[in-house]
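First comes the structure, then the notes that go with it.
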Amino acid sequence: MDAVQHVFKGTFIHSTTSCDCEIIENHILGTDHAGKILFFEDAQKQSILAQKWGFDESSIQELGKNEFFMPGMIDTHIHAPQYAFIGTGMERPLLEWLAHTTFPTEDTYSDVEIARNIYDSVVRRTLKNGTTTACYFATIHTDASIVLADITSRYGQRAFIGKVCMDRNDAYEKYCETTEDSIKETERFVEILKGKNYDRVKPIITPRFAISCSEGLLTELGECAYKYDLHIQSHISESPAEIKEVSKLFHGYKNYTDVYNRNKLLTNKTVMAHGCYLTSEELKIFRERGASISHCPNSNISLCSGHLDVRNALSHRVKIGLGTDVAGGYSISLLDAIRKAIETSKIIFMERSKNGRDNNEIGNEKKPNGINGDAQIGSMETENNFKVLSYKEAFRLATLGGSEALSIDHITGNFKVGKEFDALLINPEAQDSPFDNFSHTSREDLLQRFLYLGDDRNIKAVYVAGRCVVPFPKNT
Ligand code: GUN
Ligand code: ZN
């Protein structure tokens, strides 16, 4: 076993660049001591592989009959400090919610011990729910943000950590920095994290959103990202009131995207949350820059912000991942994000179908083909070719799509040889499983049921770069 750390045998389900959901049965996957996938081949080759890689066949860890591995899920947008009030305070729209609930809570993270307690909980909870990579917003407080980085690293989660930057906050004045401090503290944060040399935890430049940043701050953060070659995250086009405010604050810019673009904040390492109202012109800029969108459907609905038309964004060839946006979104689980992404797509479909019918009634468009204009139900496809998101596509968004959105698809996202082994061992028949299976259930339906009905009770183990991080080791 010299070169090899783990050898697993059984079923593996993942997405590839050409297939949203590939089910690979009776395969053997081996990892090395750095957590990389060394080989992934048909189990018929077991003896040859054992010889080639020098492992003992008795050391193979064989999966149970209905168990399978899937790639770890990637949360491309989550606010760690907001875990403190998850599932509460959801009665206000975005800007009111920020002023009333979010800013006062985040302000308390000047106290590092408050931060430590919540950050420990959010990292444990996300990992247990299968989030192997998380792209976190912290708060404006550098020391507390470093605590979040330490905790993610100790638990072994792959993470981007953003010290939040905001030099403008009329809604809650005390939760704000000067422009100078925001830059200085960002550089201090980046330097400290660099010095820590974590394997899989990285800083990310984090202007909160255009409303809370001066033009000067955006410009300097763009330069800082360039200087250190860093990832960038923020929010964009989440709600109508927000967009209106941005247009009031930023004169001389064409649109919201232009504000970030002209300040060098749209790169191929940028992930922007929401994007519900991005125009075709803006999506084209995203595509040109290689920037991505974090689709946060729970939050979009919970804060009554709007919907992202994933199909349209994908047709513009913009990279898309899923985000929980805790605590604008009330669920920590990417499984929930998968479900809400599908449901959002169906809502858009129904709206379009209804409009089609309405248009029909007033005689503007030709009748949809089918009985009473309801033909879409069978195929879930409208005349203008709108197809609802399938569970396989949503599965891809939560895994490979997320890795593409964060530009780490050369490292993680599926079970390609050479990538790091970030994986979930799923047991659809766990003793306390929240759903039932019947003898005739196909492998595909086991996956589908897990995605629609499963939860952390079905996640038997979580691996990040070959290290088993759930069940939690005794020393964490
Ligand atoms: N826009 C600016 N800050 C936030 C935040 O914390 N959550 C969400 N959903 N949108 C934001
Ligand atoms: Zn957010």
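All ligand and atom numbering here is 1-based and tracks the order in the structure. Since the model is a prediction, treat every value here as computed from it, not as a measurement.
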Show the short N or O contacts, below 3.5 Å, that ligand 1 makes with protein N or O atoms; if there are none, say 'none'.
unit_1   : atom_1 : unit_2 : atom_2 : d
ligand 1 : 3 (N)  : Arg208 : NE     : 2.8
ligand 1 : 6 (O)  : Gln82  : NE2    : 2.9
ligand 1 : 6 (O)  : Arg208 : NH2    : 2.7
ligand 1 : 9 (N)  : Glu238 : OE2    : 2.9
ligand 1 : 9 (N)  : Asp325 : OD2    : 2.7
ligand 1 : 10 (N) : His235 : NE2    : 3.4
ligand 1 : 10 (N) : Glu238 : OE1    : 2.8
ligand 1 : 10 (N) : Glu238 : OE2    : 3.3

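With waters left out, the protein N, O or S atoms under 2.8 Å from the Zn ion (ligand 2) add up to 4.
The closest side-chain heavy-atom distance from Ser15 to Asn414 is not below 4.5 Å. You'll find the side chain of Ile293 reaches within 4.5 Å of the side chain of Leu278, heavy atoms only.
For Tyr119 and Tyr83, the ring centers sit 6.0 Å or farther from each other. Between Phe69 and Phe421, the distance separating the two ring centers is shorter than 6.0 angstrom.
The aromatic rings of Phe415 and His14 lie parallel to each other, with less than 30° between the two planes, well short of the 60° mark. Relative ring orientation between His235 and Phe137 is described as tilted, the plane-to-plane angle lying within the 30° to 60° band.
Among all heavy-atom pairs drawn from Val388 and Glu393, the shortest one is O-OE1, 3.9 Å.
A salt bridge (Lys or Arg N to Asp or Glu O under 4.0 Å) check over residues 74-95, counting only residues at least two apart or in different chains, returns nothing. Contacts classified as salt bridge (Lys or Arg N to Asp or Glu O under 4.0 Å) and involving residues 133-148 (residues at least two apart or in different chains) are given here: Asp143-Arg188.
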